[in-house]
Protein chains: 2
Amino acid sequence: MNLKELAESLNLSPTTVSRALNGYPEVREETRSRVMAAAKAVNYAPNARARRLATGRAMTIGHVIPLTGRAEMVNPIFADFLIGAGEVYAREGYDLLLSMVPETETEAAFRQLAANGSVDGVMVQAPQENDPRIGLLTELGLPFLVHGRTGDAMDYSWLDIANMRAFRRATDFLLDLGHRRIALLNGQESFDFAHRRRRGFEAAMAARHVPTLPHLMVSEAMTESFGYLSASSMLDGPEPPTAFLASSVIIAIGIRRAAAERGLRMGRDISIICHDDELSYLNNDIGGPAFTATRSSIRAAGGRCAEILIDLIRHPGRPAVQELWDVGLMVGQSTGPCNG
Amino acid sequence: MNLKELAESLNLSPTTVSRALNGYPEVREETRSRVMAAAKAVNYAPNARARRLATGRAMTIGHVIPLTGRAEMVNPIFADFLIGAGEVYAREGYDLLLSMVPETETEAAFRQLAANGSVDGVMVQAPQENDPRIGLLTELGLPFLVHGRTGDAMDYSWLDIANMRAFRRATDFLLDLGHRRIALLNGQESFDFAHRRRRGFEAAMAARHVPTLPHLMVSEAMTESFGYLSASSMLDGPEPPTAFLASSVIIAIGIRRAAAERGLRMGRDISIICHDDELSYLNNDIGGPAFTATRSSIRAAGGRCAEILIDLIRHPGRPAVQELWDVGLMVGQSTGPCNG
DNA sequence: ACAGCAACCCAAAGCGCTTTGAAAATCTTC
DNA sequence: GAAGATTTTCAAAGCGCTTTGGGTTGCTGT
């Protein structure tokens with residue numbers, strides 16, 4: 001059943017039916033309800049393909065996920081972000097186009113999306129320092145929103161958490177507990193967020209004149225085994241840390257395993273703080289948080305990012321939107337005074 | 001730049017240009033390359049919206065993810081599956097439409113997709129026993145592929161792993177090692193896969209006349225804390241298990257934590273086998289598998305599912321395709337003879 | 001030199017919707 | 001009750017592509 005047939009069955013023109021269905025004011029209330037009823041009766045839904053062509057809007061937002069062949073460990077994070085964004089898209093009538101491309105082809109992918117008009121805007125995740133995507137998208141004139149930001153910051157829309165401040169606060173917390181040999185297990189520092197977190201850590205240490213130890217600072221894709229292996233070798237080596245700062249709960253789980261193997265009790269013999277993205281399947285709450293953590297829901301971020309992006313699409317020419325979220329520190333059972 | 005303009009600039013008709021670009025034989029090789037060159041020069045890409053309308057094909061495949069508000073812990077699994085499928089879609093020129101809807105609205109979502117023609121087919125994941133989606137999609141005439149299957153099996157296309165056989169084999173392995181009190185930490189049994197796994201476990205036990213103990217069989221969303229809490233209470237309770245069989249690596253990590261806390265060494269004091277979906281961020285290989293595991297890549301499954309679904313879309317009316325993957329058991333360091 | 005046949009190219013008709021510009025119907029106002 | 005204003009409806013022109021059903025052109029063979 002298409003619009004024309006529906007119109008014929010109602011003895012109305014397609015124009016009127018279209019307007020009735022889309023809520024235009026030029027149609028009498030009585031007619032509108034008659035049309036609505038008929039549409040529902042025959043289960044009519046306007047053909048999305050035709051509608052998109054006619055309106056020139058794709059009603060679709062693109063997420064381009066670069067595949068590095070190895071480090072898509074980010075994917076539990078992507079997944080939660082996607083869910084948060086997807087809920088908002090659905091609510092606002094937008095579709096979500098997910099595109100997985102080899103990292104080397106992301107530029108081509110964006111150009112393609114822009115040229116063939118299959119999306120109205122795109123979401124950019126996990127920016128690297130000096131991420132080329134930002135310049136590209138600006139040039140292409142495709143609305144976009146960055147989750148995170150790049151070094152210089154600037155004239156584009158983004159939403160980010162205060163990574164530096166969060167890690168500075170977390171480090172201060174450990175320092176206040178008397179810890180001095182603090183290890184940082186960070187994400188890959190090519191990502192801007194990891195870079196900021198390290199700077200937060202270093203700033204806190206420097207402010208107290210505590211030296212940072214190079215062998216206690218590592219950064220890599222955030223996996224459980226990274227946490228386990230790094231913590232193991234640090235704990236077995238000279239000058240073992242008395243506290244760990246980790247960029248994700250997954251890393252912290254690995255650290256915990258290494259500590260447990262060595263008979264170290266969390267919160268007594270060893271302290272751990274991590275950043276918790278509140279991933280839905282990695283609940284850090286069992287009657288109070290297990291790990292002391294800086295905490296910020298990645299899913300909520302996804303939702304808010306979607307809202308902003310849709311707004312950007314609906315109101316082109318509006319100035320860039322920038323939103324910085326502060327992050328709370330939740331004290332759990334994994335931290336305690338230093339006794340090393 | 002659109003087709004018409006491009007044609008004018010070449011002094012050709014839109015027809016010819018379209019054919020040249022799409023590889024039809026009615027155009028001279030020389031003309032074709034002239035067109036191709038011009039298209040590349042001006043960075044022309046056919047408008048996807050117009051093309052979809054003209055061809056009647058959406059060149060898009062839908063994944064509908066039901067949100068239960070709580071148990072989207074499945075999402076690390078969804079994510080890897082999506083990546084596998086997405087790679088194939090990209091290769092074959094299909095877009096991936098991801099739709100997150102509250103569980104109660106999945107039926108409406110499918111009807112909508114079918115009626116407005118925004119997808120050519122859909123992927124169904126994590127079927128429940130007697131999953132209503134299968135009947136619905138059949139009725140709607142929308143091509144679909146199920147990853148997993150439902151109780152009765154039957155006249156639709158699916159790809160699944162041999163869950164029952166895998167868990168039977170894993171259980172046999174533990175029984176051969178002398179274990180008798182074996183605990184099963186399963187996923188939610190409303191999902192078909194979990195149901196089959198339990199039957200595999202029970203069949204193996206029954207074949208050796210070893211009783212299954214109700215208090216050692218639990219099933220819930222597959223999280224680390226589920227593994228930890230269940231294992232903790234089992235180990236502290238009467239008749240503690242000497243071995244665990246877990247439906248996912250994440251659960252196994254939780255079990256390991258509970259064991260470590262109690263000073264039990266994996267592979268000596270306690271044995272653990274799990275099913276490993278080879279999630280990219282949960283590597284179970286650090287010079288040989290850490291956990292003994294039945295192993296099957298969910299990402300590879302995603303890729304193969306995508307291939308089959310595309311095939312189904314391209315050749316309607318073809319009989320249903322059914323593919324059952326056998327699963328290997330990889331012996332790691334987490335199992336050993338029973339000495340309980 | 002002419003039919004017969006490829007090879008090559010084109011005009012025009014959709015695909016199913018939205019939207020413009022105008023007509024028809026209804027309501028005001030004096 | 002007629003002119004003007006307003007509401008309601010419609011015909012037709014796109015949106016940018018694909019595809020059908022011819023035409024042209026140039027090449028065979030006789």
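- At whole-Å resolution of the value, CD in Glu5(B) and P in dG16(D) are 8 Å apart.
- Of all nucleotides listed (dC17(C), dT9(D), dT18(D)), dT9(D) comes nearest to the side chain of Thr16(A).
- Summarising the geometry, the separation between CG on Leu21(B) and P on dT19(D) is reported as 13 Å, rounded to the nearest angstrom.
- For the OP1/OP2 pair of dC17(C) and a distance below 4.0 Å, the side-chain nitrogens and oxygens of Ser18(A) include no atom meeting the criterion.
- Between Glu29(A) and Asn47(B), the residue whose closest nucleotide on DNA chain D is further toward the 5' end is Glu29(A).
- Side-chain to base pairing of Thr15(A) with dT19(C): one donor and one acceptor N or O lie within less than 3.5 Å of each other.
- Checked for salt-bridge contact, Arg91(B) and Glu87(B) miss the test: no charged N lies under 4.0 Å from a carboxylate O.
- Other residues, nucleotides and ligands contribute at most 12 non-hydrogen atoms within 6.0 Å of the CG atom of Asn130(A).
- The nucleotide whose nearest atom lies closest to any side-chain atom of Tyr24(A) is, among dG16(D), dT9(D), dT19(C), dT19(C).
- Put simply, CZ on Arg19(B) is 10 Å from C1' on dC8(C), counting in whole angstrom units.
- When the nucleotides dC10(C), dT18(C), dT9(D) are ranked by their closest atom to the side chain of Ala54(A), dT18(C) comes out on top.
- Between Leu98(B) and Tyr89(A), every side-chain heavy-atom pair lies at or beyond the 4.5 Å cut-off.
- We find that CD of Glu30(A) is positioned 13 Å from C1' of dT9(D), with the value rounded to whole Å.
- For Arg49(B) and dG16(D), the CZ to P distance is 8 Å, given to the nearest whole Å.
- Considering CE of Met100(B) and CG of Leu96(A), their distance stands at 5.5 Å, rounded to 0.5 Å.
- Residue order along DNA chain C, read from the 5' end via each residue's closest nucleotide, puts Leu53(A) first among Arg57(A) and Leu53(A).
- Among the nucleotides dT8(D), dC17(C), dC9(C), the one closest to any side-chain atom of Asn2(A) is dC17(C).
- Candidate nucleotides dC17(D), dC9(C), dG21(C) were compared by shortest atom distance to the side chain of Ala50(B), and dC17(D) ranks first.
- For Arg28(B), counting side-chain heavy atoms from C-beta on, the closest listed nucleotide (dT18(C), dC8(C), dT20(C)) is dC8(C).
- Remark: C1' of dC10(C) and CG of Asn11(B) are 13 Å apart, rounded to the nearest angstrom.
- When each of Asp131(A), Asp160(A), Asp192(A) is checked for a side-chain hydrogen bond (donor to acceptor under 3.5 Å, both in side chains) with Arg149(A), only Asp160(A) meets the rule.
- Side-chain contact between Lys4(A) and Glu8(A) is present, with heavy atoms from C-beta onward closer than 4.5 Å.
- Going from atom CD of Glu26(B) over to atom P of dT24(D) covers 19 Å, rounded to whole Å.
- Residue contacts for Arg52(B): at a heavy-atom cut-off of 4.0 Å it reaches no nucleic acid atom on any strand shown.
- When rounded to the nearest whole Å, the span between NZ of Lys4(B) and P of dT19(D) equals 20 Å.
- When the nucleotides dT9(D), dC17(C), dT18(D) are ranked by their closest atom to the side chain of Arg51(A), dC17(C) comes out on top.
- Among the heavy atoms of the strands, none lies under 4.0 Å from Asn116(A).
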